[in-house]
Peer 1: 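Quick one: this structure, given as structure tokens, is what I'll be asking you about.
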Amino acid sequence: MKTLQNLIGGIWEDSLDDALLDVVNPATENVVARAPGGSRADVDRAVAAALRAQPGWAALPVADRVACISTWADTIAEHAEELAELECQEMGKPTGVGRTFIDGAVAGLKASAAQALSYGFEEAVSHPDGSATRILRRPLGATAVITPWNFPVPMVLGALGPLLAAGNTVVVKPSERSPLSTVRLFELLNLPSGVVNLVLGDARAGAPLAEHEQIQLVHFTGSVEAGRKVGAGTGRLLHRAVLELGGKDPVVIDSGVDPATTAAAVAMGAFINTGQICTSMERIYVHQDIADEFIDALEQAAQKYIMGDGHDEGVMMGPLVDERQRDVVRRHVADAVARGATIRAGGVEPDGKGFFYPATVLTDVDESMLVMNEETFGPIAPVMVVSSFEEGLEHASRSRFGLAATVYTNDPDHIAAAAQVSAGVVWVNQWQGGGPERLYEPAGDSGMGATGATAAYDAATRPSSVHIAARPASGGPHR
């Protein structure tokens, strides 16, 4: 049984604490590895290594830092299939799905790092009186990235590009539920020692890292409850935090769209990765004029999402990450049925090993139900019929969450109105659309701190200004 290690200052080493955690394959319930439980001492060592490495890393020309990151990205791309296999083993994601997201994350890492080449790390402004101001954006120093279990490799890569390209060093703490692929990711690392460090564990590592006095920024992705704790800790220190937390993302479907095509798109948004995506479609509002056709098509689409071990050919949906997560899904469905919801597809757990739950479609739902107001993070598509597009938009914004939203409409006025939804990102007619120019900050309980495009570099640097007065007139000092 492999016992995983921390990467500190370029050296793989055992935790200073003997506590170990089991890493469980959720499809078989077999223990596949053991990982450190984590400790403050491990965190202190990793932060010290990051601090030692930071001045040398920041002193490199920006183009050299970007080249180093790009070379690492190329190496990751060569091992994408292996990394997808590890993600499947540790959290159940089908290998094809994992490979698609890893490929996208590698391209994103290269693109986000390359933005450093045009970012204004130093700008000069001249004034009419002959004076000038230099605006400098310097790296923060040692930073932390704490990632969730649902996208182990993509979430790490998505956070690292701007932080590293801006000249910061990083301590990464992945979820204790899915550390295998992150360990392998850093075995492929080709950056100078100490620039990126890895500490494994649960809250015993996460809490001291988030609250460390020498960590200048914490980039955290996870639950609202944990995010509040991270934000409180960084706030006490007057340090920065970028928090991407839970979502209860709505979908508004207008009367003029094709019901079958839209249902297929919504099925993907609700069921891909077994619904374990922060931006999964978790609340569906469909116009009454096409509701019957849409629901029938969504029911048929759900039945095509074949469950099984993600290594097996033809499997479209793996297990939930563990029994705890399946309990959440089970509780939400039971609550909805008890309050009057109808199960149109799924809803019955299979026998045997593994934390499986089928793609499930619920109708006759209302907003008193847990499935409509709490994050489910599972393969559940609850559908509410609305009388108008405007009513759908109103329901979509009626949530304490505000991560993302999707709108399907062919009406130009309704496309314009989609911007009214309170969310960091609104997709119109294409879930997960957009490119490297995308810039957003979650609303409500979904987090804080703008990310994407230049905002990521603004967060990763600290601005300062140097004002240079005009030269005094010639002729020597006045008497």
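Numbering of residues begins at 1 and proceeds along the displayed sequence.
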Peer 1: Can you see which heavy atom on L370 is nearest to which on D335, and at what distance?
Peer 2: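 Taking L370 first and D335 second, the nearest heavy atoms are N-OD2, 3.0 Å.
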Peer 1: Kindly say whether T376 contributes a backbone atom to a donor-acceptor pair with the side chain of E282 at under 3.5 angstrom?
Peer 2: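 A pair under 3.5 Å: yes.
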Peer 1: Given 3.5 Å as the limit, does a donor-acceptor pair link the side chain of E293 with the main chain of I290, or not?
Peer 2: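 Checking the backbone N and O of I290 against the side chain of E293, no donor-acceptor pair under 3.5 Å is found.
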Peer 1: What distance separates H287 NE2 from S388 OG, expressed to the nearest 0.5 Å?
Peer 2: 6.0 Å
Peer 1: Answer yes or no: is there a donor N or O on one side and an acceptor on the other, between the side chain of Q216 and the main chain of R240, under 3.5 Å?
Peer 2: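 No: the side chain of Q216 does not pair with the backbone of R240.
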Peer 1: Do R339 and E367 sit within salt-bridge range, that is, some charged N less than 4.0 Å from a carboxylate O?
Peer 2: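 Answer for the salt bridge query: no.
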Peer 1: Looking only at heavy atoms, which two atoms of P26 and L320 are closest? And how far apart?
Peer 2: CB-O, 3.2 Å
Peer 1: At their closest point, which heavy atom of L117 faces which heavy atom of V66, and how far apart are they?
Peer 2: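 Nearest heavy atoms, L117 then V66: CD2-CG2, 4.0 Å.
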Peer 1: Side-chain donor-acceptor pair under 3.5 Å between Q432 and T279, yes or no?
Peer 2: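 Judged by distance alone, the side chains do pair up.
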Peer 1: Are Y285 and I253 packed together at the side-chain level, in the sense that at least one heavy-atom pair is separated by less than 4.5 angstrom?
Peer 2: no
Peer 1: Hey, does L191 have a side-chain heavy atom less than 4.5 Å from the side chain of W57?
Peer 2: yes
Peer 1: Just verifying a value: how many Å separate L362 CG and I343 CD1, rounded to the nearest 0.5 Å?
Peer 2: 6.0 Å
Peer 1: Donor-acceptor check, side chain of H239 to backbone of I215, threshold 3.5 angstrom: yes or no?
Peer 2: yes
Peer 1: Determine, for F151 and K93, whether the Lys NZ or Arg CZ falls below 6.0 Å from the six-membered ring centre while staying within 45 degrees of the axis.
Peer 2: yes
Peer 1: Would you call the rings of F389 and H414 parallel, tilted or perpendicular, where under 30° means parallel and over 60° means perpendicular?
Peer 2: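 Parallel, since the angle between the ring planes stays under 30°.
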Peer 1: Report yes if some heavy atom in the side chain of V266 is under 4.5 Å from a heavy atom in the side chain of T262; otherwise report no.
Peer 2: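 Contact flag for V266/T262 side chains = yes.
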Peer 1: Hey, are the side chains of L164 and R65 touching, using non-hydrogen atoms and a 4.5 Å cut-off?
Peer 2: no
Peer 1: Test side chain to side chain contact (heavy atoms under 4.5 Å, CB included) on T221 and T147; report intermediate values, then the result.
Peer 2: CA-CA 5 Å; T221 307; T147 55; 5.7 Å; no
Peer 1: Any salt bridge between R99 and D103, counting N to O under 4.0 Å?
Peer 2: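 Here R99 pairs with D103 in a salt bridge, since their nearest N and O are under 4.0 Å apart.
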Peer 1: Determine whether F355 and V321 satisfy the following criterion, side chain to side chain contact (heavy atoms under 4.5 Å, CB included), listing intermediate values before the conclusion.
Peer 2: CA-CA 7 Å; F355 307 118; V321 69; over 6 Å; no
Peer 1: Could you tell me the separation between the CD atom of E29 and the CG atom of D322, rounded to the nearest 0.5 Å?
Peer 2: 10.5 Å
Peer 1: Might you point out which heavy atoms bring L393 and A417 nearest each other, and give the distance in Å?
Peer 2: CD1-O, 3.7 Å
Peer 1: Starting at CZ of R184, measure out to CD of E82 and round the result to the nearest 0.5 Å.
Peer 2: 4.0 Å
Peer 1: Quick one: does any side-chain atom of E375 pair with a main-chain N or O of G246 as donor and acceptor, under 3.5 Å?
Peer 2: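 Between the backbone of G246 and the side chain of E375 there is no qualifying donor-acceptor contact (under 3.5 Å).
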Peer 1: Would you please test R330 and E323 for salt bridge (Lys or Arg N to Asp or Glu O under 4.0 Å) and show each step?
Peer 2: CA-CA 10 Å; R330 182 188 294 132; E323 183 66 22; 3.4 Å; yes
Peer 1: If you measure only the distance, is there a donor-acceptor pair under 3.5 Å linking the side chains of Y408 and D258?
Peer 2: no
Peer 1: Spell out, as yes or no, whether a donor-acceptor pair under 3.5 Å connects the side chain of N168 to the backbone of A142.
Peer 2: no
Peer 1: Grab the two heavy atoms, one from L298 and one from A381, that are nearest each other, plus how far apart they are.
Peer 2: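 L298 and A381 have their closest heavy atoms at CD2-CB, 4.2 Å.
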Peer 1: Does R344 pair with D296 as a salt bridge, N-O distance under 4.0 Å?
Peer 2: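 Looking at R344 and D296, the cut-off is met.
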Peer 1: With no hydrogens and no angle check, do the side chains of D366 and S368 hold a donor and an acceptor under 3.5 Å apart?
Peer 2: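 There is such a pair (donor and acceptor under 3.5 Å, judged by atom type) between the side chains of D366 and S368.
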Peer 1: Backbone N or O of H311 within a donor-acceptor pair of the D309 side chain at under 3.5 Å?
Peer 2: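 It does hold such a pair.
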Peer 1: Does a side-chain heavy-atom distance below 4.5 Å link L7 with L189?
Peer 2: yes
Peer 1: Report yes if some heavy atom in the side chain of V329 is under 4.5 Å from a heavy atom in the side chain of H332; otherwise report no.
Peer 2: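 They are not in contact (no side-chain heavy atoms under 4.5 Å apart), so the answer is no.
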Peer 1: Should R324 and D327 count as an ion pair when the cut-off is N to O under 4.0 Å?
Peer 2: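 No, this pair does not count.
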Peer 1: State, to 0.1 Å, how close S399 and R283 come at their nearest heavy-atom pair, and which atoms those are.
Peer 2: CB-NH2, 3.5 Å
Peer 1: Any side-chain to backbone donor/acceptor pair from N150 onto Q276? Under 3.5 Å, distance only.
Peer 2: yes
Peer 1: Can you find a heavy atom in the side chain of V333 that is under 4.5 Å from one in the side chain of E349?
Peer 2: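 No, their side chains stay 4.5 Å or more apart.
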Peer 1: Looking at Q325 and F377, would you say the former's side chain and the latter's main chain have a donor-acceptor pair under 3.5 Å?
Peer 2: yes
Peer 1: Let me confirm one number: the CG-CG distance from L188 to D74, rounded to the nearest 0.5 Å.
Peer 2: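 Atom-to-atom, L188:CG and D74:CG are 12.0 Å apart.
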Peer 1: After noting the C-alpha distance and the side-chain angles of Y119 and R137, does the key distance pass the side chain to side chain contact (heavy atoms under 4.5 Å, CB included) rule?
Peer 2: CA-CA 10 Å; Y119 182 72; R137 298 200 70 101; 2.7 Å; yes
Peer 1: Between T234 (side chain) and G231 (backbone), is there a donor-acceptor pair under 3.5 Å?
Peer 2: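 Yes, T234 side chain to G231 backbone: donor-acceptor pair under 3.5 Å.
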Peer 1: Can you tell me how far CD1 of I146 sits from CG of L209, rounded to the nearest 0.5 angstrom?
Peer 2: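 These two atoms lie 4.5 Å from each other.
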Peer 1: Quick one: are F271 and M316 in side-chain contact, heavy atoms under 4.5 Å?
Peer 2: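 A side-chain contact is absent here, since even the closest heavy-atom pair is not under 4.5 Å.
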Peer 1: May I have the step-by-step check of side chain to side chain contact (heavy atoms under 4.5 Å, CB included) for E390 and E394, ending in yes or no?
Peer 2: CA-CA 6 Å; E390 291 75 16; E394 181 183 346; over 6 Å; no
